[in-house]
Undergrad: 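Before we start, here is the structure in question, set down as structure tokens.
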2 protein chains.
Amino acid sequence: MGTTIQHSRVQQLLEAYFGQFEPELINKLAEHCIIRDFEADQQLMRPGQYFKSTMLIVEGAVKIYREDQDGNEFFMYQLGAGDACALSMICATRNEQSQISAKALEPSKALLVPIALMDELMTGYKTWYYFVLETYRSRFEELLEVVDNIAFKSMDERIEFYLKNQRKLSHSDELALTHQQIATDMNSSREVVSRLLKKMEQRGMVRLGRNTITVLF
Amino acid sequence: MGTTIQHSRVQQLLEAYFGQFEPELINKLAEHCIIRDFEADQQLMRPGQYFKSTMLIVEGAVKIYREDQDGNEFFMYQLGAGDACALSMICATRNEQSQISAKALEPSKALLVPIALMDELMTGYKTWYYFVLETYRSRFEELLEVVDNIAFKSMDERIEFYLKNQRKLSHSDELALTHQQIATDMNSSREVVSRLLKKMEQRGMVRLGRNTITVLF
DNA sequence: CCTGCTGTGTAACATTTGTCACAAACTTGC
DNA sequence: GCAAGTTTGTGACAAATGTTACACAGCAGG
């Protein structure tokens, strides 16, 4: 594939999803970014990995989660087109190991920005530095919300929050989820989730079907 | 107090605790920072507050915690001299409301950097932008550790982690803590903490006294 | 030394969450 | 339409945590 083709494709994507960037920044990025595709279920990051670039998501959905030694998972938040992976920025700038996992939930595309560019971008382009700070800020806030949930709330409230969140992410009241998936994301067990969902159905908050949960609140 | 006096005092503090800053940055900051003192137990930040400046701690210890509607607390991490409050940076840059609480654990001093300076500092001084990113990174990591603890670990493991952390912060194996304080920080109840501490004492991990816990591991 | 306050110990019980076991419902491929 | 796999429902029980209630120990001030 010719470099010019790739170059203009990147430019298009940047303009579409990162319209807040000043034109010179877009040009700069288009010169140096490459596009990377991920299949559904493919891992974008795994604990212990080093980064040589920062990722800007331009298509698909990426789940960011925590994994412990025993392989237990815990869902933290989700990224879509227009989002950047804050962790990859942090780790990239510091050349540190990542301690989190990321997985594509559907076929996804990301732009890879070489970390060698970071200094120049941060000091040279105000919209970039705003973008980076804003990325941190919003991930931090999301993480704080996660802490709130597990620190202060009971399982049923957490499920409620989870469903609301999923509804927002999928733009639909019909969620294609199994009880097991929810249990995995919340580091709980399937039976507990089933039990509580059943109670919520009795209270008229959801309608349950095989592979679907309809949110009614 | 003469401005020159204040100015040179700020400069001293910056050199002492933020020695990584380049000299021109220190001068710049010294010109515009003011010193603010906090008494023990005084609140530095409360939910819903707006920031007009970023805080650099130069003396004392500041506890950063989360509070819910019912007044329950949950300890997140602690700052000391040389640390910056990441949250005040985030909220300051975005002119957003803070959603966390900060309290001085002992008489403390902070330098207040006006947010109006942020743009200039970020783009003009590489050590500043490194510092800001590193501040985010380390707070983020700490927050991840917090998430791990409450998501994956049981109460006794969490107490163990808490005590290790306190030991590190106080540079001593003798911790001046009541069971109630620990319970508050972990959003649990005093009885549970007493019970588990007693078990740990039986296993030889700690020695318990009134107002003191001696860590033996 | 008595009084009151704060901190700790502990038993009994309630509630929440996790685990095990198994059945039933639904889905898919042949 | 049958077999095999996946998903859900549910009861019984275990374990962890939270709650209530109360005794008592240590400390401070008069």
Undergrad: Round to the nearest Å and state the distance from A/I182 atom CD1 to D/dT7 atom P.
TA: 13 Å
Undergrad: Under 4.0 Å, heavy atoms only, any strand: does B/T178 hit a base, just the sugar-phosphate, or nothing?
TA: sugar-phosphate
Undergrad: Report yes or no: is the cationic atom of A/R167 (NZ for Lys, CZ for Arg) closer than 6.0 Å to the six-membered ring centre of A/F217, at no more than 45° off its axis?
TA: yes
Undergrad: Would you mind reading off the distance between A/K153 atom NZ and C/dT17 atom C1', rounded to a whole angstrom?
TA: 18 Å
Undergrad: Please pick, from D/dA25, C/dT10, C/dT27, the nucleotide with the shortest atom-to-atom distance to any side-chain atom of B/R210.
TA: D/dA25
Undergrad: Does a side-chain N or O of A/S194 approach OP1 or OP2 of D/dT10 to a distance below 4.0 Å, or not?
TA: no
Undergrad: What is the separation between atom CD1 on A/I159 and atom C1' on C/dT16, rounded to the nearest whole Å?
TA: 12 Å
Undergrad: How many whole angstroms separate atom CZ of A/R158 from atom C1' of C/dT16?
TA: 12 Å
Undergrad: What is the separation between atom CG on A/L175 and atom P on D/dT8, rounded to the nearest whole Å?
TA: 12 Å
Undergrad: From CD of B/E191 over to C1' of D/dT17, roughly how many Å is that when rounded to an integer?
TA: 11 Å
Undergrad: Is there a donor N/O on one and an acceptor N/O on the other, under 3.5 Å, for the side chain of B/R190 and the base of C/dG9?
TA: yes
Undergrad: Any donor-acceptor pair under 3.5 Å linking the side-chain atoms of B/T184 with those of B/Q180?
TA: yes
Undergrad: Hey, could you give me the OG1/CG distance between A/T214 and A/L216, rounded to the nearest 0.5 Å?
TA: 6.5 Å
Undergrad: Of the candidate nucleotides D/dC27, D/dT7, C/dG18, which contains the atom at the shortest distance from the side chain of A/N211?
TA: D/dT7
Undergrad: Rounding to an integer number of Å, can you tell me how far B/M200 CE sits from C/dG9 P?
TA: 13 Å
Undergrad: When you check the gap from the basic side-chain N to the acidic O, do B/K63 and B/D41 get nearer than 4.0 Å?
TA: no
Undergrad: Let me spell it out: for each of B/K198 and A/S189, pick the nucleotide of DNA chain C with the closest heavy atom. Which residue's pick is nearer the 5' end?
TA: B/K198
Undergrad: Should A/H179 be listed as having a side-chain N or O under 4.0 Å from OP1 or OP2 of D/dG9?
TA: yes
Undergrad: Evaluate ring-ring contact (aromatic ring centres under 6.0 Å, His included) for B/Y136 paired with A/F140, printing each intermediate quantity in order.
TA: CA-CA 9 Å; B/Y136 281 136; A/F140 210 98; 7.1 Å; no
Undergrad: Starting at the 5' end of DNA chain D and moving along, which residue's nearest nucleotide shows up first, B/L196 or A/L208?
TA: A/L208
Undergrad: Let me spell it out: for each of A/R195 and A/E201, pick the nucleotide of DNA chain D with the closest heavy atom. Which residue's pick is nearer the 5' end?
TA: A/E201
Undergrad: Quick one: which of C/dT17, C/dC20, D/dT19 gets closest to the side chain of A/V192?
TA: C/dT17
Undergrad: CG of A/D156 versus C1' of C/dT15: gap in Å, rounded?
TA: 12 Å
